[in-house]
Amino acid sequence: MDATTLRAMQTLAQEVWRLAPQTVNVDGTAGELAWSMGPPQDASDSTRKHRLWSDDSRVAAWGVIFPPTMVRVTADRMELSKAGLVWQVHPDRPELLGDILDWFTAETPGVARQTFVRSANADAIARIERRGYAHDAAAPWDLLNIRDLREIEKPSLPYGYRLTTMREVDDVSLRVAVHRAAWEPSGMTEEKYAAAMATWPYRAELDFVVVAPDGSLATSALGWYDEDNHAGEFEPVGTHPAHRRLGLARAVLLFGMQRFRDAGAEHAIIGCRGDAGYPAPKLVYESVGFRELSRDMPFVQT
């Protein structure tokens with residue numbers, strides 16, 4: 001995806017956040033788009049498709065299709081996954097969701113389809129259901145969490161660890177190493193992370209890390225600041241397995257929120273799984289004051 005297209009999608013995300021934040025897709029925030037739709041993360045990114053719908057001089061809607069792939073479901077069985085759709089429409093053009101769904105159907109013939117709708121977006125839920133989609137209550141789903149930045153607890157770390165940012169560290173190899181360890185298996189490379197650093201709205205002073213006693217990086221939390229909406233976002237957050245259960249993720253989030261506030265942010269947001277299948281991140285985020293703003297509802301059309 002080229003930088004112009006990505007920036008147009010992020011501009012719509014900012015506008016939706018300003019007008020109706022509870023309808024912003026977890027995968028469609030300005031920061032999430034920078035991270036997941038900007039520099040390629042793995043080979044599958046080259047197969048995804050995107051389309052924008054314009055209204056006068058602005059982008060009023062966009063969609064991104066992730067085609068189905070073969071996934072292992074048991075030791076001896078592979079299965080075709082559902083085609084996936086991430087989308088966003090401007091609040092005053094809700095009918096464009098129908099055009100996005102038509103495009104999704106045309107581009108994915110003969111396969112099952114999945115998309116997500118914010119639980120607060122009653123109009124979109126009704127439009128999705130009229131197209132034959134049904135809520136899949138058993139599927140994993142995500143939360144978008146928020147907290148204000150008026151009072152922030154002082155972070156604390158074990159002896160020998162310290163908090164800083166990539167403005168000071170200035171070593172992409174160290175940053176990539178902690179990301180790869182935290183998200184093993186990971187396709188992240190120094191070239192890909194350098195591309196992320198060149199993507200709006202990346203700022204090295206908002207790329208938060210914990211330095212371990214040996215000089216390596218133990219934890220990272222990449223911050224994205226939407227100065228138009230005074231909102232800071234964390235995506236992604238991870239800790240090296242050798243340094244887990246020390247409270248480092250909690251400390252780096254508190255540190256990051258302090259820096260967001262210094263930059264002018266009034267709120268911080270972060271996404272995570274909301275279902276019981278992966279509860280640890282949600283518990284950490286709640287421990288530093290994040291609370292649910294909205295949640296995804298997975299819908300499937302078989």
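Aromatic ring centroids of Trp103 and Trp53 lie under 6.0 Å apart.
Residues Arg295 and Ser119 bring no donor and acceptor atom of their side chains to less than 3.5 Å of each other. Thr165 and Arg259 are not linked by any side-chain donor-acceptor pair at a separation below 3.5 angstrom, with hydrogens and angles left out of the test. There is no side-chain donor-acceptor pair under 3.5 Å between Trp17 and Thr29.
Salt-bridge annotation for Arg261 and Glu151: absent, with no side-chain N of the basic residue lying under 4.0 Å from a carboxylate O of the acidic one. Ion pairing of Glu95 with Arg93 is present here, as a side-chain N (NZ or NE/NH1/NH2) and a carboxylate O approach within less than 4.0 Å. For Asp207 and Arg203, the salt-bridge test fails: no basic side-chain N is under 4.0 Å from an acidic carboxylate O.
Nearest heavy atom pair, residue Ala13 against residue Val24, reads O-CG2, 4.5 Å.
The cationic atom of Arg51 (NZ for Lys, CZ for Arg) does not lie both less than 6.0 Å from the six-membered ring centre of Trp62 and within 45° of the ring axis.
In the hydrophobic clustering, where aliphatic and aromatic side chains (Ile, Leu, Val, Met, Phe, Trp, Tyr) are joined below 4.5 Å either directly or transitively, Phe290 groups with Leu149, Ile152, Leu157, Tyr161, Leu163, Leu206, Phe208, Val210, Tyr225, Phe234, Val237, Leu246, Leu248, Val252, Leu253, Leu254, Phe255, Met257, Phe260, Ile270, Val284, Tyr285, Val288.
The CG atom of Leu97 lies 8.0 Å from the CG atom of Leu85; values are rounded to the nearest 0.5 Å.
Side-chain contact between Pro155 and Gln258 is present, with heavy atoms from C-beta onward closer than 4.5 Å.
With sequence neighbours excluded, no residue forms a ring-ring contact (aromatic ring centres under 6.0 Å, His included) with Phe104.
Each of Arg18, Glu15, Glu266 was checked for a side-chain contact (heavy atoms from CB on, under 4.5 Å) with Asn229, and the lone residue meeting it is Arg18.
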